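The block underneath contains the structure these notes are about, expressed in structure tokens.
First the proteins, then the strands, lettered A, B, ... as listed; each starts at 1. Values in this document were obtained by computation on a predicted structure and should not be read as measured data.
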Amino acid sequence: MNPLKIYNSLSREKEIFAPINPPYAGMYVCGPTVSGETHLGHSRPYVTFDIVYRFLQYSGYKVRYVRNITDAGHFEEEDKDAVDKVAVKAKLEQLEPMELVQKYTNIYHDMMDKLNVIRPSIEPTATGHIVEQISMIEDIIAKGFAYVVNGSVYFDVTRYAKQHDYGRLSGRKIEEMIAGSRELEGQGEKRNPADFALWKNAPPEHLMRWKSPWGEGFPGWHIECSAMSSKYLGIPFDIHGGGMDLLFPHHESEIAQTKIATGLALANYWMHNNMITIKGQKMSKSLGNTITIAQMFSGGHPLLEQGYSPMTLRFFILQTHYRSTLDFSNEALLAAEKGLQRLMNALDALNKLSYKENAAQYKEEENNQVLQLMNSCTEYMNDDFNTAMAMASLFELSSKIFSWKNEQLAIASIKKETFELLVKTFNAFVTDIFGLKNEKENDDSKMNGLMELLISLRKEARSKKDFATSDKIRDDLFAAGIQLKDGKEGTSWEGV
RNA sequence: GGUCAGAUGGCCGAGUGGCUAGGCAAAGCUCUGCAAAAGCUUCUACAGCGGUUCGAAUCCGCUUCUGACCUCCA
């Protein structure tokens, strides 16, 4: 068995994962800014790191997973109009920033639950850690790497770059950045365009504000992650994750701040998931191709021909390696829907199979092949979480399972221990590691009773060759959204 | 403009210097009263042009095209 290897964005290589304090592992993932509705783009990192979290646990690590909620600071800018518009209204009519934040946090949680993303060990909010952020900023000022201008505090990137390796993570050089930087509003306060805000002075109309040594204001975007990760994981910690678009400037800034505040490197392994694209382009509001996760499930978007279930989306994400872009199209989603169904059918079939001893039917080669396929699932996951390859092995095992079910292949061609291990491993991979669940299960006992009656009536009609009646039952049920499935062991049903 | 990724069969997508990933679609078959569902089988691709090599889709160079980041972003 090979050790777990993780592609580290810092070194641009796969490295053997060696946590600082085994069997404990600390992981921090940049969470969403809750100023808008959870969209398709959000599904990628949270499913990706959900898999990392699950697989680390499966591998025996005790993981503390911290994933923040950004509910303070820069986000108000996007809703500036709304804030300004309501400023003169009565208190209750005003859009409370916390109300907005709560609304979108609720939606985010709801969508993550639907996607079967396990909630993190700690989910800290930026507004809940103002004290920690102020304290870290004071520390950075004291060390001479930040300066105060008109109630705002900026990190001195130029000074930092003279002594430290700035731009290593994102692979850029500070001189080029300064040369190529654009003139942006508010840059007048900065000594250098490359500097970034640690704390921002709040204009009078800004509703979200806190007292600080520099006046009333709100924290800069990057500082929260440094403050919260160091508080809950210690510095350095093992894994820091997030979307590739956060490499610069967000993660680069986190590294710089933390280095000055603590004297240490923030995290040992940096993991970045790639983007979700639609017809080859990243989703963005300006292109008008943003699809919310709710729309994805309901099909309520012009680009979608139909709704796709949460597990279809999850499966679709897992079929691609997390460092590749993932392009959305109806055909691809439809293919994922079918593929997921096949995998779930295999799981179901396996769990219903029982082993029948027959030493004469044993085939060494068959047994080894099954063992090898099972083993490869773990090996592929150990190779930088290659879910696509592990999934392929599960599909190969699925073919075996169906062959046993159809008795095209004797179950006794493999050893009893192999079969038992397969049941355990297959379930673990599909359910525990990939986090997939059967969405078509029906555990409504009243409904089941009713269906049993209809199925037995149809069976009776068929035995009397009264096909008019049996077909009416079948076709009318189908029209009502229920599909009957005739199999060797009788008839089953599922909602379509 | 700078930096960095990619270009794989009808579609989506892994991957490795020699050993046909996998999924979907399609065709044939099995099952069935007929269907549906399900399963089985078949379908040998790696942008173009050079080079390295016994051998390259895989390494190197060039060309073309696409995307991402450089500003809020997952």
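If you take NZ of A:Lys459 and C1' of B:rG33, they are 16 Å apart, rounded to a whole angstrom. At whole-Å resolution of the value, NZ in A:Lys5 and P in B:rG15 are 14 Å apart. Between the CZ atom of A:Arg474 and the P atom of B:rG33 there is a distance of 11 Å, rounded to whole Å. As a whole-Å value, the separation of A:Trp270 CH2 from B:rC69 P is 18 Å.
When the nucleotides B:rA14, B:rC40, B:rA74 are ranked by their closest atom to the side chain of A:His39, B:rA74 comes out on top. Minimum atom distance to the side chain of A:Gln319 is reached by B:rG22, of the listed B:rA14, B:rG39, B:rG22. Nearest nucleotide to the side chain of A:Arg458, out of B:rA74, B:rC40, B:rA35: B:rA35. For A:Asn406, the side-chain atoms get nearest to B:rG39 when compared with the rest of B:rC69, B:rA74, B:rG39. The nucleotide whose nearest atom lies closest to any side-chain atom of A:Asn273 is, among B:rC12, B:rA74, B:rA14, B:rA74.
Pair assignment for B:rG17 gives none, since no Watson-Crick or G-U wobble pairing has each distance under 3.5 Å. The partner of B:rG61 is B:rC49, judged by Watson-Crick or G-U wobble contacts that both fall below 3.5 Å. Base pairing of B:rC11: its partner is B:rG23, meeting the Watson-Crick or G-U wobble criterion (both donor-acceptor distances under 3.5 Å). For B:rC40, the paired base is B:rG28 (Watson-Crick or G-U wobble, both distances below 3.5 Å). Across every strand in view, B:rG1 sits in a pair with B:rC70 that passes the Watson-Crick or G-U test at under 3.5 angstrom.
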Fill in: Test log, rule salt bridge (charged side-chain N to carboxylate O under 4.0 Å, His left out), inputs A:Arg54 and A:Asp50
CA-CA 6 Å; A:Arg54 287 164 178 270; A:Asp50 185 51; 2.8 Å; yes
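Neither OP1 nor OP2 of B:rA5 sits under 4.0 Å from any side-chain N or O of A:Thr325.
No contact: A:Met391 has no heavy atom under 4.0 Å from any strand. Counting any heavy atom pair closer than 4.0 Å across all strands shown, A:Ser470 reaches a base atom. A:Asn386 comes within 4.0 angstrom of sugar-phosphate atoms only, judged by non-hydrogen atoms across all strands, and of no base.
Here, B:rG15 and B:rU58 have their P atoms 15 Å apart, quoted to the whole Å. Distance noted for atom P between B:rG17 and B:rC60: 12 Å (whole Å). Distance check on atom C1': B:rC31 versus B:rA37 gives 11 Å, rounded to whole Å. B:rU20 and B:rC46: their P atoms are spaced 16 Å apart (whole Å). Remark: the separation of the C1' atoms in B:rA25 and B:rU42 is 14 Å, to the nearest Å. Comparing the P positions of B:rC59 and B:rU16 gives an interatomic distance of 9 Å, to the nearest angstrom.
Mapping A:Asp383 and A:Arg462 onto RNA chain B by nearest heavy atom places A:Asp383 closer to the 5' end of the strand. Nearer the 5' end of RNA chain B, as judged by each residue's closest nucleotide, is the contact made by A:Arg12, out of A:Arg12 and A:Ala332.
Proximity of the aromatic rings of A:Phe328 and A:Phe316 is defined here by a centroid distance below 6.0 angstrom, and this criterion is met.
A cation-pi arrangement is present between A:Arg323 and A:Tyr7, with the terminal nitrogen or guanidinium carbon under 6.0 Å from the aromatic centre and inside a 45° cone about the axis.
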Distances for protein N or O near nucleotides 24-26 of chain B N or O, under 3.5 Å:
{"from": "B:rA25", "atom 1": "OP1", "to": "A:Lys338", "atom 2": "NZ", "distance (Å)": "2.8"}

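With A:Asn116 contributing its side chain and A:Gly435 its backbone, the two residues share a donor-acceptor pair below 3.5 Å.
Within 6.0 Å of atom CD in A:Gln306, more than 12 heavy atoms from other residues, nucleotides or ligands are found, so the atom counts as buried in its surroundings.
Ionic pairing of A:Lys352 and A:Asp348 is present here: one or more N-O contacts between side-chain nitrogen and carboxylate oxygen are shorter than 4.0 angstrom.
Using cut-offs of 30° and 60° for the angle between ring planes, the A:His240 and A:Tyr28 rings count as tilted. A tilted orientation is assigned to the rings of A:His42 and A:His39, their planes being inclined by 30° to 60°.
No donor-acceptor contact under 3.5 Å links the side chain of A:Asp327 to the base of B:rG67. Within 3.5 Å, a donor on the side chain of A:Asp486 pairs with an acceptor on the base of B:rA35, or the reverse.
In this structure, the side chains of A:Lys459 and A:Thr491 stay at 4.5 Å or more apart for every pair of heavy atoms.
B:rA36 has no stacking from A:Phe478 on its base ring, since the centres under 5.5 angstrom apart and planes within 30 degrees of parallel are not both found.
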